[in-house]
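Protein chains get the first letters and strands the later ones, always in sequence-line order, with residue 1 at the start of each. All values derive from a computational prediction rather than experimental measurement.
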There are 2 protein chains.
Amino acid sequence: MTKLTSEQKQLIEKIGIYHEQQGFPPATGRIIGLLYVSDRPHLSFEEIIDTLNISKSAASNALNLLLQMRLIEYITFPGDRKRYFGALLENWHEEVISKMDYILAFSKLLRKTNELRGSANPDMNEKVLERIEFLEFLSREVPALLDKWLKERKK
Amino acid sequence: MTKLTSEQKQLIEKIGIYHEQQGFPPATGRIIGLLYVSDRPHLSFEEIIDTLNISKSAASNALNLLLQMRLIEYITFPGDRKRYFGALLENWHEEVISKMDYILAFSKLLRKTNELRGSANPDMNEKVLERIEFLEFLSREVPALLDKWLKERKK
DNA sequence: AATTTAGTTCTCAAAATTATAAACCAAAGA
DNA sequence: TCTTTGGTTTATAATTTTGAGAACTAAATT
């Protein structure tokens, strides 16, 4: 079992809190934190529950959630029944894209409010429309920016 | 009290759910929804609790939260003790900026993970760095994009 | 002075979330 | 076949969140 320094522990908690604020359960956030902080790229189920002092079921649920969201992965070794879990470091591209989809969905709701209000309040329609159009703009531009940035960087 | 159509009610719920997912309590999300859906730009405390069927305390807490976050405002009229609450439609600019600050704070945590890991896992450092740099890039570019977009639009 | 109004605050209960502990299960090893 | 391992699932308990209802307060009205 990996013994953590207090600095590592603190950072895990901070990353945990960040993820809680993004809607993850606490234990789940801590697991992400651990997988980012750990020197070793992959940790076993047992190592995770021992270093974080969480129950098997909390770990099982959290790991399955994170696997399903494609935020972590696991690797295996021949002749070893354990799975070794690690952060999936390449998937943040998709995360960015899907966050933009979310924003776009909200802008559609805003559009609908303008529709339903009709012409009862033109000033409001206009202000809401400004926000709608920026959200649409953003959800177009950010993925484009990402592509451009990646191409730029790979050279 | 404003009587809502079922279409309006549905849209309020959807906007409510969106805001719940952003971390707001349900009643708070519904109030935002109502203030966006309503034909009238400002509604009284009483109108809000009557149309949404929520308690005074839920409304009081939600409204104060939203006021404090500068997502709503209220206006008053001479000789009328009531406050009339409405969505604050101009403040989404600041919201965008502060969301970027949040992202930047997370990138700082990621940077710290790279530091703590040291050179134990260079491949991981590199992949994490890529993400860090994109997050930094984004938190620089998005406000710039917003400025540009606003100037472009005002003409 | 007594009452109404426009909320606020407090107490408490319901509901939802999260995690623990223990039972369970399938595969592997002895 | 019996046991161990690596989890998963199933109660169940603890904690947190949320909101209702009633009591309260300060200003305004009668």
Between B:Glu47 and B:Lys82, is there a salt bridge with N-O shorter than 4.0 Å?
no
Atom-to-atom span, CG of B:Asn61 to P of D:dT17 - whole angstrom:
14 Å
Distance check needed: D:dA20 P versus B:Ile54 CD1, whole Å only.
7 Å
Considering only heavy side-chain atoms of B:Lys82, the closest of C:dT20, D:dG6, C:dA6 is C:dA6
A:Asn64 side chain N/O closer than 4.0 Å to the phosphate oxygens (OP1, OP2) of D:dT8?
yes
note: A:Ile48, atom CD1; D:dG6, atom P; distance rounded to Å ~ 13 Å
Are B:Leu109 and A:Leu35 co-members of a hydrophobic cluster defined by side-chain heavy atoms under 4.5 Å apart?
yes
Look at all strands and tell whether B:Ala27 reaches a base, only sugar-phosphate, or nothing, counting heavy atoms closer than 4.0 Å.
sugar-phosphate
Taking the side chain of B:Arg81 as heavy atoms from C-beta outward, which of D:dA20, C:dT5, D:dT9 is closest to it?
C:dT5
If you measure only the distance, is there a donor-acceptor pair under 3.5 Å linking the side chains of A:Arg117 and A:Asn114?
yes
Between NZ of B:Lys56 and C1' of C:dC10 the distance, given in whole Å, is 14 Å
Is B:Tyr84 reachable from B:Leu88 through a run of hydrophobic residues whose side-chain heavy atoms are each under 4.5 Å from the next?
no
Closest to side chain of B:Pro26, choosing from C:dA19, D:dT10, D:dT18:
D:dT18
Whole angstrom value for the distance that separates P of C:dA27 from CZ of A:Phe45:
18 Å
Ignoring hydrogens and geometry beyond distance, is the side chain of B:Ser57 in donor-acceptor contact with the base of D:dA20 at under 3.5 Å?
yes
For B:Arg83 and C:dA6, is the shortest distance between a side-chain N/O and OP1 or OP2 below 4.0 Å?
no
What's the CG-P distance between A:Asp80 and C:dA27, to the nearest Å?
17 Å
Is A:Lys151 salt-bridged to A:Asp147, cutoff N-O under 4.0 Å?
no
In whole angstrom, what separates B:Asn53's CG from D:dT18's C1'?
17 Å
Could you check how far CG of B:Leu63 sits from P of C:dT8, rounded to whole Å?
8 Å
What's the closest nucleotide to the A:Pro25 side chain, out of D:dT18, C:dT9, C:dT18?
C:dT18
